[in-house]
Amino acid sequence: MSNTTEPVERSEKEDRGFFGQPFALANLFGVEMWERFSFYGMQGILIYYLYYSVSDGGLGISQAAATSIVGAYGGTVYLSTILGAWVADRLLGSERTLFYSASLVMAGHIALSVLPGMWGVGVGLVMVAFGSGGLKANATSLVGDLYSEQDVRRDAGFSIFYMGINIGGLVGPLLTGAVQDAWGFHAGFALAAVGMALGLIQYTLGRKHLHGIGAEPGNPLPADKRALYIGIGIAAIVVVAVASITGLITADNMSDVVVGLTIVASVGYFLLMLTSKKVTKVERSRVFAFIPMFIASAAFWSLFQQQFTTVPVISDKLLDRNLFGWDFPPTWVQSINPVFIIIFAGVFAAMWTKLGDRQPSSPIKFALGTGTMGLAFLAFIPITGGGPNSAPLLGLAGVLLLYTFAELFLSPVGLSLATKLAPEHFHTQMVALFFLSVALGSSMAGTLAGYFDIDDSRPFFLIIGFSSIGIGVILALASPWIKKLMQGVK
């Protein structure tokens, strides 16, 4: 593991310089905030860039193809956490991998802003996806490394870190949406690049506060095996390129392809950990405990990530966006959830800290998150059946408030749980496995959005909503068994 005893002891006994947390959390908070600014800012305008007509500055592709691309892109971001985690654990360490990944994100946004048409979309989204995947896995891993396994500040620290994510998620769509509305899509993408550049500058200035955490790979790759892995990487790129050129991968089926790849990768990762001789009996039990949590997380994210597929379509075509005589950009709806997160993340963090050992277990928190997400989908039904400009803004805000509560029950807790259940030799890669559940859910969101009929949306929301509630109930009933497998991790 990259965290040594010395930094952990310092964080617990001495280092409380950032709201009672280790001061290094401030630097990780900042770089993740700027990355999320650029990520959500770009993603807020992406779907409109894809399906708006050429005369409106878009590319004019079908709505179904646009939602598939957005779902596939979202899934690839989290799928690429495998690569980012592997590079950290086997080659560079988490800290350097985070820095190079942030640089790749910035380059991707620049490509989107200067390259025309689908060529710019392809190059830009691939760079942003792989850069964001590397950054997310390693920023989260480094946050976990600031605490010992039993440090009671851990969940609160992750909630503060999560607030930084959502400050970026709030401001990004507001500013890029306004810039896009005034000067066009490419100007909006350029602003996302500027945001990531600011994050890189801030992170570079604050790297020293990590005190060597994440500086070295936890499981270095032998030099004689590097050529093999380089060859595998080149072969994978060639296969994807050939599949795209021959039409096996299209805009319409892209999210389905990512779903399949993510399932294969997830099964492979679980098998790798469960069969590794480096994993102890206790660690193996904890990996088994993570399997139902992984399934619940994937189900949750397949609904939550509809914020970037069906919710933008609703915001564009059904929502009454008239605000005191002015129609605000539909991209601004993307900032409602981050506003609620900023308001309530501190409340949840304080609640878990106050409850201490009396707080609900992680499986129960997951069950609450999945069930609440199902209720949010049922809440869409009364506000989406009246045609153009009929959906009330307060009604949609109420639905997104349920999104927020569901997210705070599950997402920061999931990040924390992944670091606690991680086997010693698969530390960052266990975080990547959690992000694989997000990848699966995100790509499924694109696939599910293909069944959304804006003229008859009731069956869509009913089926998905009750399915998610059912998963939450099953997880709650299974929680005693899951806690037993967790072998002392709360």
Side-chain angles (χ1 to χ4, degrees), residues 1-39 80-81 83-110 127-128 130-148 151 153-154 157-158 160-165 167-168 192-220 415 419 427-429 431-432 435:
M1 293 175 68
S2 58
N3 50 320
T4 63
T5 301
E6 184 183 353
V8 168
E9 288 179 353
R10 185 187 298 114
S11 72
E12 288 184 40
K13 296 179 180 179
E14 302 171 16
D15 191 353
R16 295 178 178 270
F18 184 62
F19 298 105
Q21 305 292 327
F23 189 77
L25 181 63
N27 196 30
L28 298 172
F29 171 102
V31 71
E32 185 76 359
M33 179 189 72
W34 282 113
E35 189 273 336
R36 292 290 91 180
F37 169 93
S38 66
F39 178 90
S80 65
T81 57
L83 179 60
W86 185 87
V87 170
D89 277 355
R90 307 305 304 273
L91 295 176
L92 300 176
S94 296
E95 197 277 329
R96 281 185 293 166
T97 304
L98 187 154
F99 177 80
Y100 294 133
S101 296
S103 302
L104 189 59
V105 170
M106 183 179 67
H109 290 304
I110 292 172
M127 295 177 78
V128 174
F130 281 93
S132 291
L135 192 151
K136 287 189 70 63
N138 289 289
T140 304
S141 177
L142 287 168
V143 172
D145 285 347
L146 299 178
Y147 305 92
S148 72
D151 192 336
R153 299 178 300 163
R154 177 184 288 255
F158 271 97
I160 292 172
F161 176 70
Y162 210 65
M163 189 183 298
I165 292 174
I167 291 173
V194 170
M196 192 65 258
L198 293 173
L200 265 171
I201 294 169
Q202 171 258 304
Y203 179 72
T204 301
L205 294 174
R207 292 169 84 175
K208 61 184 179 181
H209 295 294
L210 286 166
H211 301 296
I213 292 176
E216 300 296 331
N219 185 21
L415 294 174
T419 64
H427 181 66
T428 304
Q429 294 174 73
V431 174
F435 282 123

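Side chains are part of it too, since the values below use all heavy atoms of this structure and drop only hydrogens, waters and symmetry mates.
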### Query
In this structure, are over 12 heavy atoms from other groups packed under 6.0 Å from F130 atom CZ?
no
### Query
Which heavy atom of M196 sits nearest a heavy atom of L135, and at what distance?
CE-CD1, 4.4 Å
### Exercise: identify the closest heavy-atom pair between G131 and V105
C-CG2, 3.3 Å
### Query
Is there a donor-acceptor pair under 3.5 Å between the side chain of N27 and the backbone N or O of G206?
yes
### Query
Is E32 reaching over with its side chain to a backbone N or O of K136, donor-acceptor style, under 3.5 angstrom?
no
#### Entry: Closest contact, heavy atoms only, L146 versus L25
CD1-N, 3.8 Å
#### Entry: F99 six-ring face occupied by R96 cation (under 6.0 Å, within 45°)
no
### Query
Side chains of E95 and N138: donor-acceptor distance under 3.5 Å anywhere?
no
### Task
Return the set of residues passing side chain to side chain contact (heavy atoms under 4.5 Å, CB included) with L91 (not counting sequence neighbours), or none when no residue passes.
W86, V87, L221, R226
### Task
Could you check W34, F37, F29 and say which one makes a side-chain contact (heavy atoms from CB on, under 4.5 Å) with I167?
F29
#### Entry: L98 side chain reached by L28 side chain, heavy atoms, under 4.5 Å
yes
## Note on the structure
In short, G133 meets S80 closest at the heavy-atom pair CA-OG, 3.2 Å
### Task
Give the minimum heavy-atom separation between L200 and A102, together with the two atoms involved.
CD2-CB, 3.6 Å
### Summary
Value for CE (M127) from OG (S132), rounded to nearest 0.5 Å, stands at 11.5 Å
### Summary
Correct closest heavy-atom pair for A192 and S38 would be O-CB, 3.1 Å
